[in-house]
Amino acid sequence: MAIIEISKLKKSFGSLDVLKQITFDVNKNDVVAVIGPSGSGKSTMLRSLVHLETIEGGSISVDGDYLVKDGVYPKQQDIKQITSKMGMVFQHFNLFPHLTVKENLEVAPRLLKRESLAVISKRSDELLEKIGLANFSNTHPAKLSGGQKQRVAIARALMLNPEILLFDEPTSALDPELTGEVLQVMKDLAEEHMTMIVVTHEMGFAKEVANRVVFMDNGEIVESGSPTEFFENPQFDRTKAFLRRNL
Ligand code: ADP
Ligand code: MG
């Protein structure tokens, strides 16, 4: 069953058409790897899902509710309610430098005031344990490695119990030796059946962990399929050329 339905998404920046009628569905428990050259619209597509970009045409529905329908958005409160089902992890971590690791995890749920501080604190402790950083709860981000920072960012996204996690090149800012620890956390989440959309250059991750690969080029989805279909039998010249350059 589709948890996210994206239909004919259209977005331009000035005269540049960045998303040209993007259409695809994400099923519950899917791990979708989105790949494609720089500038192809991957980030814009992902950011549209959490309304960090406003689209001009097309529809996005999450769990059957429209975040935007034929380019028209509902009222702010409905937008918030729908986007709150998704957590986002960015390339550059975006941690708050003046807060400790534990405070970074707790800031959003504390602001929301839906749960007691004790419940929030318990969950942040559990998540820090899960990502192997329990001993760093009172540390500030500046003292962490890039891999540790990104693991904290993932834990922070999980604090709001999202149904879907979105990752925008989560390992692209890391030294190669630090990508493994972040990919492992993502792999663990996939094994726990978290629904994830992952924009990535890590072809190994796309092959091993994703159950679907979507290839974007120039604002379009050129081709998508299972990792086996996609990597072993790409159909389009643009895909073949991209794979030749990146495998
Ligand atoms: P990708 O993530 O695949 O590298 P992006 O979605 O970031 O691609 O960008 C797609 C295109 O849109 C690029 O040409 C980029 O320069 C342009 N773009 C992205 N954001 C903006 C913006 N805020 N203003 C103008 N152009 C933008
Ligand atoms: Mg990008």
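Read the numbers this way: they start at 1 and go in the same order the structure lists the ligands and their atoms.
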Check your understanding: Going by atom types alone, do Ser43 and Asp168 pair a side-chain donor with an acceptor below 3.5 Å?
Key -> yes
Discussion item. Under a plain distance cut-off of 3.5 Å, with no hydrogens placed, do Lys102 and Ser121 share a side-chain donor-acceptor pair?
Written reply: yes
Distance-only, no hydrogens or angles: does the [X] side chain make a donor-acceptor pair with backbone N or O of [Y] under 3.5 Å?
{"X": "Thr171", "Y": "Leu174", "result": "no"}
{"X": "Gln148", "Y": "Ser145", "result": "yes"}
{"X": "Glu103", "Y": "Thr100", "result": "yes"}
{"X": "Glu56", "Y": "Ser12", "result": "yes"}
{"X": "Gln150", "Y": "Pro170", "result": "yes"}

- Message: What I want to find out is whether Lys75 reaches Asp78 closely enough, with some N-O distance under 4.0 Å, to be called a salt bridge.
- Response: yes
Report all N/O contacts between ligand 1 and the protein shorter than 3.5 Å as a table of atom names and distances to 0.1 Å; if there are none, say 'none'.
from, atom 1, to, atom 2, distance (Å)
ligand 1, 2 (O), Ser43, N, 2.9
ligand 1, 2 (O), Ser43, OG, 2.8
ligand 1, 3 (O), Ser40, N, 3.1
ligand 1, 3 (O), Ser40, OG, 3.3
ligand 1, 3 (O), Gly41, N, 3.0
ligand 1, 3 (O), Lys42, N, 2.9
ligand 1, 3 (O), Lys42, NZ, 2.8
ligand 1, 4 (O), Gly39, N, 2.7
ligand 1, 6 (O), Thr44, N, 2.9
ligand 1, 6 (O), Thr44, OG1, 2.5
ligand 1, 8 (O), Gly41, N, 3.1

Exactly one of Lys130, Lys122, Arg123 clears side-chain hydrogen bond (donor to acceptor under 3.5 Å, both in side chains) with Glu126, and that residue is Lys122
Counting only protein N, O or S atoms (no waters) closer than 2.8 Å to the Mg ion (ligand 2) gives 1
